[in-house]
Amino acid sequence: MAGRVDLDGNPINPFTICMIGAGGFIGSHLCEKLMSETPHKVLAVDVYNDKIKHLLEPATLTWADRIQFHRINIKNDSRLEGLIKMADLTINLAAICTPADYNTRPLDTIYSNFIDALPVVKYCSENGKRLIHFSTCEVYGKTIGAFLPKDSPLRQDPAYYVLKEDASPCIFGSIEKQRWSYACAKQLIERLIYAEGAENGLEFTIVRPFNWIGPRMDFIPGIDGPSEGVPRVLACFSNNLLRREPLKLVDGGESQRTFIYIKDAIEAVLLMIENPARANGHIFNVGNPNNEVTVRQLAEMMTQVYSKVSGESSLETPTIDVSSKEFYGEGYDDSDKRIPDMTIINKQLGWNPKTSLWDLLESTLTYQHRTYAEAIKQAMSKTTAN
Ligand code: NAD
Ligand code: UDP
């Protein structure tokens, strides 16, 4: 830990980070990395702390004096500004960020992703503090290629689908497709942060995650989240596998995604944290362009991997089709394809993802099986008994 140097060979001094949303999926992995591999301090802000409990207790942990949890809802808590002032850097992860909410709770989604982030940007700007803000790959919306005829050869041309931070447009559906409430709110907060940088000198970095997945992502419905809740695809499919139900393919599972292992992505964030001169003023795609699959292929691979790690045979009918209206309700729409361009992050931070989709699913599903299989069995036997 001693003698850490940045990418330009300069020593890195320990600093204090105000991490908002530290109790979530990404926050928990980032806190873990910062505690185990760096000397930095974390003021962890969230309404929940279940996913970082192992870092907060017992008080004998070697990093106990470097992490403090503050149970704060940033919507309405005057302590937030004080914490931002105490820190050298603020990282804002707080958001409603599950697609099932975008069309069913559009107001909460817009408030969470835009209005609630405003004071964070303002406090950083007014107090001359650096900000790393978590946006999303969803700000790109649909690819240009999605609007070409299905048989157009141009669909194979990367110019029509690769997503570039400084060149690609943001293409959203119409207003009644409320799915885009999230992307639009994220886009506006990005523009506001960028403008604070341009007009008031705010030192910022914007991160656009491309489907980061791994242990502790979301929840398993009925076990550590609401029975009727709909998490992101990794947790939906894990839940189906654990319960021995067919995996549900929305609108045929034809959409394409690139999935990146959370631990690879956290390496990129640590480079941003420790190399401000290279990261400030930039927007970074963080994804793994080599791990592209359709959702159907993801379902098939997860079925195979789960069978390997659990020792259970696969179902005869491992997937079923479901319409998006049935699954998500009115107003759902989808991103067709998400390939991140890696030029900027490569040039600025020399970072590349490492883990293949098979390997990341193997470690993640091993975790899901170990963490939930027994609890699901018990919950299912109780339901049968009743
Ligand atoms: P998450 O839901 O696991 O974490 C978000 C955390 O923010 C939660 O712990 C939540 O309790 C907290 N939070 C929300 N509102 C809050 C409030 N008002 N006050 C205090 N805490 C609050 O999600 P995640 O996957 O860790 O995502 C973190 C960020 O990254 C989000 O901004 C999200 O939009 C962005 N992102 C993530 C992905 C991904 O692949 N995981 C993809 C695109 C964008
Ligand atoms: N999806 C699916 N079945 C599920 C959950 C999700 O087919 O049980 C699809 C969803 O329609 C989308 C993709 O999987 O095309 C990824 O969904 P996720 O919720 O992870 O978020 P997104 O990548 O759309 O932001």
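Counting starts at 1 for both ligands and their atoms, following the listed order. Start at 1 with the first residue, then count along the sequence. Remember, it's a predicted structure, so these values are computed and weren't measured experimentally.
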Separation between OG1 of Thr303 and NZ of Lys308, rounded to the nearest 0.5 Å: 15.0 Å

task: Flag Val250 as yes when one of its N or O atoms lies below 3.5 Å from any N or O atom of ligand 2, and as no otherwise.
output: yes

query: Which is it for Asn211 and ligand 2 at heavy atoms under 4.0 Å: side chain, backbone, both or neither?
result: side chain

query: Do Val286 and Met272 come within less than 4.5 Å of each other through their side chains, counting heavy atoms only?
result: yes

message: At under 4.0 Å between heavy atoms, is it the side chain or the backbone of Val233 that contacts ligand 2, or both, or neither?
response: both

task: Please indicate whether any nitrogen or oxygen in Asn73 is less than 3.5 Å from any nitrogen or oxygen in ligand 1.
output: yes

- request: Give yes if a backbone or side-chain nitrogen or oxygen of Ala94 is under 3.5 Å from a nitrogen or oxygen of ligand 1, and no if not.
  value: no

query: Is there a donor in the side chain of Tyr140 and an acceptor in the side chain of Asn285, or the other way round, less than 3.5 Å apart?
result: yes

- request: Answer yes or no: does an N/O atom from Ile20 fall short of 3.5 Å to an N/O atom of ligand 1?
  value: no

- request: Would you indicate which of Tyr182, Tyr102, Phe237, Tyr332 comes nearest to atom 10 (C) of ligand 2 when only heavy atoms are counted?
  value: Tyr332

message: Check this for me - ligand 2, Arg179, N or O atoms closer than 3.5 angstrom, yes or no?
response: yes

query: Taking only heavy atoms of Asn211, which atoms of ligand 1 are found under 4.0 Å from at least one of them?
result: 40 (O)

query: Quick one: does ligand 1 sit under 4.0 Å from the side chain of Tyr182, the backbone, both or neither, non-hydrogen atoms only?
result: side chain

- prompt: Do Gly21 and ligand 1 have an N or O pair less than 3.5 Å apart?
  reply: no

- prompt: In the protein, what heavy atom is nearest to atom 15 (O) of ligand 2, and what distance, to one decimal place, separates them?
  reply: Asp334 OD2, 2.6 Å

- prompt: Among Lys186, Arg232, Arg216, Arg257, which residue places a heavy atom closest to atom 24 (P) of ligand 1?
  reply: Arg232

field: ligand 1 contact on Val45 by region, counting heavy-atom pairs under 4.0 Å
entry: neither

task: Can you pull out the closest protein heavy atom to atom 25 (O) of ligand 2? Residue, atom name and distance to 0.1 Å, please.
output: Glu138 OE1, 3.2 Å

- request: Just jot down the ligand 1 atoms closer than 4.0 angstrom to any heavy atom of Phe134, in number order.
  value: 29 (C), 30 (O), 32 (O)

message: Below 4.0 Å, non-hydrogen atoms only: which portion of Tyr48 touches ligand 1? Side chain, backbone, both or neither.
response: side chain

task: Look at the aromatic rings of His40 and Phe15 and report parallel, tilted or perpendicular, splitting at 30° and 60°.
output: parallel

message: Looking at Lys142 and Asp336, is there a salt bridge between them, counting it only when a charged N and a carboxylate O are closer than 4.0 Å?
response: no

message: For atom 4 (C) of ligand 2, which of the options Lys248, Arg257, Glu254 provides the nearest non-hydrogen atom?
response: Lys248

field: Proximity of Ile72 to ligand 1 by residue part, where a heavy atom lies under 4.0 Å
entry: backbone

- line: Contacts of Glu274 meeting salt bridge (Lys or Arg N to Asp or Glu O under 4.0 Å) (sequence neighbours excluded), chain-then-number -> Arg4

- prompt: How far is atom 13 (C) of ligand 2 from its nearest protein heavy atom, and which residue and atom name does that atom have?
  reply: Val295 CG2, 3.6 Å

- prompt: Hey, what do you get for CZ (Arg105) to OG (Ser181), rounding to the nearest 0.5 Å?
  reply: 10.5 Å

- request: For the residue pair Tyr332 and Tyr328, categorise the inter-ring angle as parallel (less than 30°), tilted (30 to 60°) or perpendicular (more than 60°).
  value: parallel

- request: Would you check whether Gly23 reaches within less than 4.0 Å of ligand 1, judged by its heavy atoms?
  value: yes

task: Measure the acute angle between the ring planes of Tyr182 and Tyr102, then classify it against the limits of 30° and 60° as parallel, tilted or perpendicular.
output: parallel

- prompt: Does Gly253 have a heavy atom less than 4.0 Å from any atom of ligand 2?
  reply: no

task: Please determine which of Gln187, Lys186, Arg208 meets the side chain to side chain contact (heavy atoms under 4.5 Å, CB included) test together with Thr136.
output: Lys186

- prompt: Considering distance alone, does some N or O of Leu93 sit under 3.5 Å from an N or O of ligand 1?
  reply: yes

- prompt: Out of Ala95, Ser135, Gly214, who gets a non-hydrogen atom closest to atom 35 (C) of ligand 1?
  reply: Ser135

- prompt: Is the Phe134 ring parallel, tilted or perpendicular to the Trp212 ring (thresholds 30°, 60°)?
  reply: perpendicular

- prompt: To the nearest 0.5 Å, how far apart are CD1 in Ile132 and CD1 in Ile193?
  reply: 11.5 Å

query: If you round to the nearest 0.5 Å, how far is CG of Leu234 from CG of Leu361?
result: 7.5 Å

message: Any nitrogen or oxygen of Gly24 lying under 3.5 Å from a nitrogen or oxygen in ligand 1? Just yes or no.
response: yes

query: Which residue and non-hydrogen atom of the protein lie closest to atom 40 (O) of ligand 1, and at what distance in Å?
result: Trp212 N, 2.8 Å

task: Output yes when the distance from some N or O of ligand 1 to some N or O of Thr136 is under 3.5 Å, and no in every other case.
output: no

query: Is Lys122 salt-bridged to Glu196, going by a charged N under 4.0 Å from an acidic O?
result: no

- prompt: Which residue holds the protein heavy atom closest to atom 6 (C) of ligand 2, what is that atom called, and what is the gap in Å?
  reply: Tyr328 OH, 3.3 Å

task: Answer yes if the side chains of Tyr261 and Ser363 hold a donor-acceptor pair under 3.5 Å, and no otherwise.
output: yes

query: When rounded to the nearest 0.5 angstrom, what distance separates CZ in Phe259 from CD1 in Ile213?
result: 5.5 Å

message: Pairs of nitrogen or oxygen atoms closer than 3.5 Å, one from Asp116 and one from ligand 1: do any exist?
response: no

